[in-house]
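Have a look at the structure below before the remarks.
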There are 2 protein chains.
Amino acid sequence: MADTGKDMLLYWGSGSSPCWRVMIVLEEKGLSDCEKKLISFSDKGHKSDEILKLNPRGQVPTFKCGDLIINESFAACLYLEDTYKSQGPPLIPSEPARKANVLQRMFEVPSFTKKAMEDLLYLYMFKKPEELDQEKMTKSKAALKEELAMWEGYLVKAGGTFLDGGEFTMADAIFFPSLAFLVRCGLKLAPTFPKLAAYYDAVSKRPSVEKSWPPHFKDTEGKPHLADVL
Amino acid sequence: MADTGKDMLLYWGSGSSPCWRVMIVLEEKGLSDCEKKLISFSDKGHKSDEILKLNPRGQVPTFKCGDLIINESFAACLYLEDTYKSQGPPLIPSEPARKANVLQRMFEVPSFTKKAMEDLLYLYMFKKPEELDQEKMTKSKAALKEELAMWEGYLVKAGGTFLDGGEFTMADAIFFPSLAFLVRCGLKLAPTFPKLAAYYDAVSKRPSVEKSWPPHFKDTEGKPHLADVL
């Protein structure tokens, strides 16, 4: 009988890309019964005793799978795929060229999020407007545009809807939540990057992604920090 | 017949932890015949046309496995383990609790390297002494000490020589090169962290690690930036 995730527990924060990745993989693998506890970042829920005893780093996702604790999002996603290979679609293909491509794209995502988040959005979110070095922000926006051009190229090369072509894979589960965060922050993918725009639309409609869509993305508008990137 | 890596090509830089990880895994998996081309960071070898055509990010490792290109170190390590499961020791155990532990430790390494490299050593390496904010450096050293205490605790909990106990795994292949970089930069693990000190000694002597030891670590001394951390 299929495992439906009944003995799993996920602490998550709305809008956190690492949390969203794990939630997409849980849905893809038919593990929808995983219990989910929403924490509030503004209330410092991720630093609560309840989280800290499971995750001394005080971060979400904090993920329990039976008695096992797997808090790093990449680790949780890989663990779930490997353990539930036969449930849902294979998210890491076994054919060597596809496997290589999916792994390569997955682990390029941190380069993407560095340019998007650490070098740009976190500065808007955590600094006062007068503290921002505008020249630096302009450079960081140009770097983000270059990075996005690489991903547009990957989609062209893959020749399908997803980062590995015709099938949704772990590369999409890892990449999409970060891309969606940027779109929420005003990034307009079309017309500069038509493949990325079509990708965003297609993945948005995938049931695993729709079901796990961050609630506050639906209820509130993001600040348009990235409206002038493209 | 075992694959010995004859159709593989690795561009690497001496001392780069991401390169060293891949080299350790190649040795563990019996892929010693992989051709290796040493680049010089000071000559900007990683930005050469030869590299850029395989790796537009201009980074090492740049790794070719037959016709496949897998440049991200985590991706290359996972690809090699999955593809050559039956060669050498299993670096990701199949037993659930061990698999969870190994994956969790592997993906905690970026938190470790952020505190060690980005928040500390890169500043010493790429800034002038007078540009350093000494108060910030002192705080970063305290944060690195806390981080090291977590890894000491992981070794205590694992109850063996390695991060997963008695067997060398992918967690060690990923973590050790970063730890070795800190030791080269003056970090004295003993007596504060006896388990980490014993770990460093044991892993240093592992054939895959000895064989891939960065040549310039043998020939030159590192600057003792971290001598006062512990």
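Values in this document were obtained by computation on a predicted structure and should not be read as measured data. Each chain gets a letter, A, B and so on, in the order its sequence line appears, and its residues count up from 1.
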What distance do [X] atom [atom1] and [Y] atom [atom2] have between them, rounded to the nearest 0.5 Å?
{"X": "A/Q104", "Y": "B/L68", "atom1": "CD", "atom2": "CG", "value": "11.0 Å"}
{"X": "B/K99", "Y": "A/T83", "atom1": "NZ", "atom2": "OG1", "value": "3.0 Å"}
{"X": "A/L78", "Y": "B/F107", "atom1": "CG", "atom2": "CZ", "value": "5.0 Å"}

- Item | Heavy-atom proximity to chain B below 4.5 Å, by part of A/N101 | neither
- Note on the structure: The interface call for A/I70 against chain B, heavy-atom contacts under 4.5 Å, is both
- Query: Heavy-atom distance under 4.5 Å to chain A: side chain of B/P96, backbone, both or neither?
  - Reply: both
- Can you say whether B/D67 sits under 4.5 Å from chain A via the side chain, the backbone, both, or neither, judging by heavy atoms? neither
Is it true that atom [atom1] of [X] has more than 12 heavy atoms of other residues, nucleotides or ligands lying nearer than 6.0 Å?
{"X": "B/K47", "atom1": "NZ", "answer": "yes"}
{"X": "A/E95", "atom1": "CD", "answer": "yes"}
{"X": "A/E135", "atom1": "CD", "answer": "no"}

- Checked B/A100, B/P110, B/S94 vs chain A; the most non-hydrogen pairs under 4.5 Å come from B/A100
- Note on the structure: Most heavy-atom pairs under 4.5 Å with chain A, out of B/E108, B/R57, B/M106, belong to B/R57
- Task: Report yes if some heavy atom in the side chain of A/E72 is under 4.5 Å from a heavy atom in the side chain of B/L103; otherwise report no.
- Result: no
- Query: Of all the residues in residues 142-155 of chain B, which have a heavy atom that comes within less than 4.5 Å of a heavy atom in chain A?
  - Reply: B/E147, B/M150, B/W151, B/Y154
- Quick one: which residues of residues 158-181 of chain B reach chain A at under 4.5 angstrom, heavy atoms only? none
